[in-house]
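Every heavy atom of this structure was used, including side-chain atoms; hydrogens, water molecules and symmetry mates were not.
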Amino acid sequence: MNILCIGAGYVGGPTMAVIADQCPDHRVTVVDINTSRIAAWNSDSLPIYEPGLAEVVARCRNRNLFYSTDIPRGIREADIIFVSVNTPTKMFGAGAGKAADLQYLEKTARSIIEYAESDKIVVEKSTLPVRTAQALSRVLHSNAKGLHFQIVSNPEFLAEGSAIRDLKNPDRVLIGGLETSQGRQAVDAVAGIYRRWVPEEKIITTGLWSSELTKLVANALLAQRVSSVNSISALCEKTGANINEVTRVAGLDSRIGAKFLKAGVGFGGSCFKKDILNLVYLCEFYGLPEVAAYWEQVVRINDYQAERFVRNMLAAMFNTLAGKKIALFGFAFKRDTGDTRESPAIAVTRQLHAEHAEIAICDPKALDNAKLDLADLAEGVTYTADPYTAARGAHAIAIITDWDEFRDLDYAQIYDAMNKPAFIFDGRGLVDAGRLHEIGFNVYPLGCPALTHF
Ligand code: NAD
Ligand code: UGA
């Protein structure tokens with residue numbers, strides 16, 4: 001079978017690499033309009049960092065995995081087309097700031113009808129508003145060649161930093177299709193790809209609309225958990241309770257569960273915020289303002305958490321950060337990725353900059369993206385991959401990303417090289433607060449009582 005994926009991003013690239021790895025007899029091609037991205041996929045320096053990805057690509061590339069800019073050929077030769085283009089928040093016109101911007105999806109559909117010469121299965125891999133398949137079908141069937149397309153929804157649940165693990169061993173694979181015989185056949189063809197390595201009971205089939213909506217809901221529920229614990233972290237700081245104790249014990253209830261209850265400086269990543277805002281927009285569109293307001297609060301609490309983090313820094317450091325050096329440990333939105341999209345580090349840096357602090361940003365993988373995100377802040381921001389350099393002469397360290405590298409540093413050495421009193425604001429519950437306090441730091445673990453020397 002010839003499998004094509006349109007969109008060689010964080011999803012298309014790794015997903016297709018794993019499909020090629022698991023199905024050596026299928027030919028998998030990934031195309032993109034971004035020529036430099038495709039060149040990077042074909043080089044030794046892949047365009048995204050993901051543990052284990054380079055090994056999978058090295059095994060399959062130019063065997064049965066091809067990255068190309070030849071979109072017409074890819075479409076002509078494909079039996080199944082996965083569409084994995086970006087669906088960002090629309091920033092103009094009706095629905096600006098909330099609705100999904102579907103222009104890239106529609107352009108893809110128009111390319112398919114321009115170049116296709118036979119019937120095809122088109123798979124929605126991108127995250128899309130519920131009922132997008134209907135619009136997609138209409139665009140595809142506007143072709144004058146009499147071609148037929150079956151639309152299947154197969155949303156992706158991988159998380160960055162663990163993409164290869166998630167793809168190889170998913171909790172579930174969701175495939176939605178129309179309840180017609182052709183629809184069922186198309187679902188079965190897509191399921192057949194996954195059956196090569198995913199146990200049958202984990203391959204779930206549903207109707208199209210449920211599948212599209214499930215993806216938005218899964219992200220909304222995950223983000224909601226994070227905002228719930230983050231809101232309680234604020235109450236913990238006021239009352240002397242410890243958020244880690246509260247969530248650990250609450251999570252022991254099997255109905256609640258222990259995962260995704262880690263308080264922090266806020267969730268980032270390209271999807272949580274955009275997908276919830278999309279859900280909010282859909283609820284408003286369908287006349288459900290109370291439901292929209294409920295979910296919008298998840299995003300509001302997230303913004304509040306990053307603001308609150310900097311306000312706490314300001315209050316602890318005698319209400320002035322002007323001229324003080326702050327070492328930001330981490331810029332990626334989570335560990336094990338170089339991705340900085342919607343990272344809380346961006347909001348934190350901008351607020352610190354507005355306070356006229358000098359910011360030294362340190363991250364093992366995300367410095368290039370950080371420089372792009374902060375391109376307008378030429379003055380007062382420096383970048384280094386070395387945490388010891390970042391902290392030298394600093395008044396405070398703020399831990400923004402939960403990189404393992406930051407856990408086991410020689411904090412005594414770091415303390416000696418810092419301005420005194422030295423502060424550490426742990427926005428990820430990463431370091432041993434007691435040990436750092438013993439070294440001499442004033443420690444502010446998020447959601448926990450501060451350990452100070454005043
Ligand atoms: P991305 O921006 O990294 O990649 C999208 C790619 O599509 C880009 O390289 C872009 O150049 C390409 N593209 C856009 N229009 C095109 C066109 N007309 N023809 C060919 N290529 C085109 O985005 P991503 O992070 O891979 O996300 C893709 C989709 O998957 C989104 O809908 C997202 O919500 C969803 N998703 C993302 C993740 C994640 O972890 N990033 C996880 C699950 C789902
Ligand atoms: C998330 C989902 O986990 C994936 O299932 C989904 O496919 C993906 O979004 C998507 O649609 O893009 P991702 O954003 O890559 O994946 O990473 P997560 O592990 O979910 O983390 C998101 C953010 O939440 C990070 O900033 C992380 O630090 C934060 N987080 C996560 C917390 O603050 N606390 C937690 O307990 C968990």
Side-chain angles (χ1 to χ4, degrees), residues 230-231 233-234 237-238 263-268 273 299-333 340-363 366-367 369-384 387-402 406 414-415 417-431 433 436 440-448 450-454:
N230 284 346
S231 72
S233 74
E237 286 169 21
K238 295 284 183 200
V265 65
F267 60 76
K273 185 174 175 183
V299 175
R300 286 215 188 145
I301 286 288
N302 198 52
D303 294 342
Y304 161 80
Q305 187 74 347
E307 286 161 25
R308 203 173 72 73
F309 184 73
V310 177
R311 274 204 307 273
N312 280 350
M313 291 178 70
L314 184 61
M317 294 175 73
F318 322 114
N319 290 313
T320 177
L321 297 174
K324 292 181 180 169
K325 182 178 177 187
I326 312 287
L328 224 65
F329 278 12
F331 204 85
F333 81 95
T340 61
R341 290 179 292 177
E342 298 294 340
S343 173
I346 300 171
V348 167
T349 306
R350 289 188 181 282
Q351 279 181 77
L352 292 173
H353 192 262
E355 294 292 340
H356 293 187
E358 288 174 26
I359 306 133
I361 293 172
C362 172
D363 193 288
L367 290 184
N369 281 332
K371 286 175 193 164
L372 293 175
D373 294 329
L374 304 173
D376 57 314
L377 306 186
E379 304 234 326
V381 187
T382 55
Y383 303 88
T384 173
Y388 296 93
T389 306
R392 193 173 308 130
H395 295 74
I397 295 168
I399 300 178
I400 307 295
T401 313
D402 50 346
F406 298 141
I414 287 177
Y415 176 78
M418 284 177 68
N419 253 296
K420 308 296 179 317
F423 292 84
I424 186 156
F425 299 90
D426 186 356
R428 291 290 176 189
L430 189 75
V431 291
L436 266 61
F441 281 101
N442 296 295
V443 193
Y444 290 77
L446 190 139
C448 305
L451 300 175
T452 66
H453 294 283
F454 303 120

Indicate every side-chain donor-acceptor pair of residues 355-362 with a distance under 3.5 Å to a residue at least two apart or in another chain.
none

From CA spacing to verdict: side chain to side chain contact (heavy atoms under 4.5 Å, CB included), Glu307, Asn302: CA-CA 9 Å; Glu307 286 161 25; Asn302 198 52; over 6 Å; no
Beyond-backbone contact of His353 with Val348, side-chain heavy atoms, under 4.5 angstrom: no
Lys238 side-chain N/O to Ala234 backbone N/O, donor-acceptor pair under 3.5 Å: no
Polar side-chain atom of Glu237 near backbone of Gly447 as donor-acceptor pair, under 3.5 Å: yes
Where at least one partner belongs to residues 388-398, residue pairs that pass side-chain hydrogen bond (donor to acceptor under 3.5 Å, both in side chains), sequence neighbours excluded: Asp386-Thr389
Distance (rounded to the nearest 0.5 Å) between Ile424 CD1 and Phe406 CZ: 10.5 Å
4.5 Å side-chain heavy-atom contact, Leu328 and Ile399: no
Phe423 side, atom CZ; His453 side, atom NE2 - distance, nearest 0.5 Å: 10.5 Å
Flag, side chain of Ser343 to backbone of Gly268, donor-acceptor distance under 3.5 Å: no
Minimum heavy-atom distance Ala366-Thr340, with the two atoms named: CB-CG2, 3.6 Å
Cation-pi check, Lys273 onto Phe267 ring (under 6.0 Å, within 45° of axis): no
Distance, nearest 0.5 Å, that separates CD1 of Ile400 from CZ of Phe333: 15.0 Å
Side-chain heavy atoms of Met317 within contact of Ile326, under 4.5 Å: yes
Side chain to side chain contact (heavy atoms under 4.5 Å, CB included) between Arg428 and Asp426, worked out: CA-CA 6 Å; Arg428 291 290 176 189; Asp426 186 356; 4.1 Å; yes
Stepwise side chain to side chain contact (heavy atoms under 4.5 Å, CB included) test for Met418 and Ile397: CA-CA 9 Å; Met418 284 177 68; Ile397 295 168; 3.8 Å; yes
Leu430/Phe329 under side chain to side chain contact (heavy atoms under 4.5 Å, CB included): CA gap, chis, key distance, verdict: CA-CA 11 Å; Leu430 189 75; Phe329 278 12; over 6 Å; no
Atom of Gly427, atom of Phe309 and distance for their closest heavy-atom approach: CA-CE1, 3.6 Å
Side chains of Asn369 and Arg341 in contact at under 4.5 Å (non-hydrogen atoms): no
Test item: Asn230 side-chain N/O and Gly264 main-chain N/O as donor-acceptor pair under 3.5 Å: yes
Rounded distance [0.5 Å steps], CG in Leu436 versus CG in Asn442: 11.0 Å
Aromatic contact, Phe441 with Tyr415 (centres under 6.0 Å): yes
Backbone of Phe331 reached by a side-chain donor or acceptor of Asp363 within 3.5 Å: yes
Closest non-hydrogen atom pair between Ala433 and Pro445, with its separation: CB-CG, 3.9 Å
Atom pair OG/CG of Ser233 and Leu446 - distance to nearest 0.5 Å: 4.5 Å
Gap between atom CD of Gln351 and atom CG of Leu321 - 0.5 Å precision: 10.5 Å
Neighbour count above 12 (heavy atom, 6.0 Å) for Arg311 CZ: yes
Salt-bridge contact Asp303-Arg308 (side-chain N to carboxylate O under 4.0 Å): no
Heavy-atom side-chain contact between Leu374 and Leu377 under 4.5 Å: yes
